[in-house]
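Working notes for the structure below.
These numbers were taken from a predicted model, which means no experiment stands behind them. For the numbers below, each heavy atom of this structure counts, side chains included, while hydrogens, waters and symmetry mates do not.
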Amino acid sequence: MYIKNNDLCVKTVDTDKNATQKNKKYFACDICGKKLCQKRLLKKHFLTHTKEKPHSCAVCNKEFPQKSNLTVHFRTHTNEKPFSCDVCHKDFSDKSNLTVHFRTHTNEKPFSCEVCHQDFSNKSSLNVHYRIHTNEKPYSCHVCNKEFSLNSHFNRHFRTHTNEKPFSCDVCGKKFSRKDHLNGHFRTHTNEKPFSCDVCHKDFSHKSSLNDHFRTHTNEEPFSCDVCGKKYSRKYDLKVHFRTHTNEELFSCDVCGKKCSNKSGLERHYRIHTKEKPFSCEVCNKDFSHKSSLNYHFRTHTNEGPFSCDVCGKKYSRKYNFKVHFRTHTNEELVSYDASGKKCSNKSDLERHYRIHTNEKPFSCDVCSKVFCRKSSLNVHFRTHTNEKPFSCDVCGKKYFRKYDLKVHFRAHTNEELFSCDVCGKKCSKKSDLERHYRIHTSEKPFFL
């Protein structure tokens with residue numbers, strides 16, 4: 001028997017599963033053959049074929065094929081969550097979401113992938129997972145034609161074109177295009193760090209930061225430059241590096257015109273002009289303009305040296321210093337100066353050496369105006385004004401302005417004498433002492449009135 005209602009044409013089907021249901025009638029869809037026990041359910045189902053969406057939201061005008069979908073959606077405007085979990089009391093706007101959530105307590109995973117047999121707590125997760133095997137990407141951006149396997153990833157991507165930022169921080173009002181970015185940002189207000197490193201137990205506010213950090217333990221560098229082969233532990237660092245090949249400089253300083261390849265680099269540079277030092281050490285209250293500088297400095301308190309040389313075992317608090325040190329084993333000298341032929345293992349050493357020829361002294365003391373060619377020399381000098389002696393002997397407690405002076409002093413306890421006179425064999429613990437002694441043999445008198 002067929003029933004015709006406007007454009008909907010269906011047939012009723014007799015079933016004889018048992019005696020009580022023998023005369024029960026079902027309604028079958030003439031498009032896909034699906035059978036439903038009620039005519040109204042068939043009408044709802046038919047909308048999945050026609051793509052018709054007769055129910056519209058009065059607030060945002062979004063359209064839905066079924067009234068129940070509209071009802072659930074409308075709760076996003078009213079923030080109504082009538083369904084509550086009996087275990088953890090978390091509230092939900094949709095009963096189906098509560099059902100799926102409840103499986104996190106029961107660990108129930110009734111949906112299994114027929115390819116790899118991975119189990120899932122909800123069917124939608126299984127459907128999304130299955131696209132890994134089929135490589136299906138049903139969502140396509142009409143602006144740039146990029147394809148996505150998830151509708152949520154497509155929506156997130158599309159905001160890069162519209163610059164839409166629908167997620168706003170309740171504390172400071174900052175807006176974000178992604179909810180997870182808002183959640184991560186919000187932790188800067190709460191100081192919450194829910195992600196912890198299994199190796200060193202350091203805590204992080206973002207899982208991605210934990211992943212990046214963990215590679216410092218594994219020494220993994222999965223991101224490689226196609227041009228020069230240089231490897232990086234973070235994808236972002238690779239993107240920034242790649243601009244050195246393309247000479248792309250996106251960010252320009254409005255004070256001095258300096259160009260930077262990334263926004264964070266520009267922000268760090270800008271503090272040179274503003275003298276801003278927003279990062280403070282919680283131990284000694286010293287301020288820094290860069291967070292990385294604070295991290296390096298903090299290791300002087302913890303004596304942490306996470307970067308270790310495989311050859312000699314020497315440890316360093318900074319990865320860059322470790323890399324420079326390692327060249328002493330390989331005798332690698334990457335940078336040379338044309339005028340004198342002097343070779344250096346890193347660019348900063350070459351720049352410092354070059355000032356010997358130019359007599360340039362760009363670092364000036366704020367107290368006495370004395371100028372220096374090296375910032376480290378200025379820092380040491382400045383302690384003569386503050387009387388700060390941060391380097392202390394573990395044996396006798398004597399304090400020094402410079403770390404080098406502490407190292408030399410410590411040899412008085414160990415009786416270590418590194419420098420030997422090639423004329424008489426006298427040994428000295430300091431190079432300067434050896435030079436003074438050597439003048440006995442040469443009769444040199446470099447100082448006169």
Side-chain angles (χ1 to χ4, degrees), residues 44 48 57 62 64-139 148-159 166-171 176-215 217-218:
K44 281 185 178 181
T48 62
C57 176
K62 192 171 183 178
F64 299 88
Q66 297 183 34
K67 191 174 182 179
S68 60
N69 298 140
L70 173 61
T71 302
V72 171
H73 160 79
F74 197 73
R75 291 178 188 137
T76 61
H77 299 297
T78 62
N79 207 26
E80 181 188 3
K81 295 179 179 181
F83 306 100
S84 181
C85 175
D86 295 335
V87 179
C88 66
H89 307 295
K90 189 173 183 179
D91 297 323
F92 296 88
S93 59
D94 187 1
K95 190 175 181 179
S96 61
N97 290 342
L98 171 60
T99 303
V100 171
H101 160 79
F102 196 74
R103 292 179 187 137
T104 61
H105 299 297
T106 62
N107 206 27
E108 182 188 3
K109 295 180 178 180
F111 305 98
S112 182
C113 174
E114 60 186 21
V115 178
C116 66
H117 307 296
Q118 188 174 340
D119 297 325
F120 297 88
S121 58
N122 59 82
K123 192 174 181 180
S124 60
S125 296
L126 171 61
N127 293 337
V128 169
H129 160 80
Y130 197 71
R131 291 176 190 144
I132 296 172
H133 302 297
T134 62
N135 204 28
E136 181 188 3
K137 294 181 178 179
Y139 306 101
F148 300 87
S149 58
L150 285 168
N151 190 30
S152 58
H153 289 177
F154 161 67
N155 291 335
R156 198 165 60 193
H157 159 80
F158 195 71
R159 292 183 195 125
F167 306 102
S168 179
C169 177
D170 295 335
V171 178
F176 299 86
S177 60
R178 293 171 53 169
K179 191 173 182 179
D180 59 328
H181 288 176
L182 170 61
N183 293 338
H185 160 80
F186 195 73
R187 294 181 193 124
T188 61
H189 299 297
T190 62
N191 205 28
E192 181 189 3
K193 294 180 178 181
F195 306 101
S196 180
C197 175
D198 294 335
V199 178
C200 66
H201 307 295
K202 190 173 182 180
D203 297 323
F204 297 88
S205 57
H206 296 77
K207 191 175 182 180
S208 58
S209 300
L210 170 61
N211 293 338
D212 292 337
H213 160 80
F214 195 74
R215 293 183 189 125
H217 298 298
T218 62

Quiz item: Roughly how far, to the nearest 0.5 Å, is OG of Ser68 from CG of Asp94?
Solution: 9.0 Å
Quiz prompt | Minimal non-hydrogen separation, Pro166 against Ser177, with atom names | solution = CD-CA, 4.0 Å
Self-check item: Value rounded to 0.5 Å, distance of OG1 in Thr104 from NZ in Lys90
Solution: 8.0 Å
Self-check item: Closest approach of Ser149 to Tyr139 (non-hydrogen atoms, all atoms of both residues)
Solution: O-CE1, 3.6 Å
Quiz item: When you look at Tyr130 and Glu114, which way does the side-chain hydrogen bond (donor to acceptor under 3.5 Å, both in side chains) test go after all the steps?
Solution: CA-CA 9 Å; Tyr130 197 71; Glu114 60 186 21; 3.3 Å; yes
Quiz prompt | From His206 atom NE2 to Asn211 atom CG, the distance as rounded to the nearest 0.5 Å | solution = 12.0 Å
Practice problem: Kindly compute the distance separating NZ (Lys207) from CG (Asp212), expressed to the nearest 0.5 Å. | Solution: 12.5 Å
Quiz prompt | Closest heavy-atom pair and its distance - Cys200, His213 | solution = SG-NE2, 3.2 Å
Quiz item: Who passes side-chain contact (heavy atoms from CB on, under 4.5 Å) against Leu150, sequence neighbours left out?
Solution: Val128, Arg131, Ser152, His153
Quiz prompt | Closest heavy-atom pair and its distance - Arg103, Asn122 | solution = NH1-CA, 3.9 Å
Practice problem: For the pair Phe154 and Phe158, name the ring-plane relationship: parallel under 30°, tilted 30 to 60°, perpendicular over 60°. | Solution: tilted
Practice problem: State the CZ-CG distance between Phe102 and Leu98, to the nearest 0.5 angstrom. | Solution: 8.0 Å
Quiz prompt | Heavy-atom pair of closest approach, residues Cys197 and His217 | solution = SG-NE2, 3.5 Å
Quiz item: Nearest 0.5 Å, what's the CG-CZ distance between Asp91 and Phe83?
Solution: 11.0 Å
Practice problem: Considering non-hydrogen atoms only, spot the tightest contact between Leu126 and Phe111 and give its length. | Solution: CD2-CB, 3.9 Å
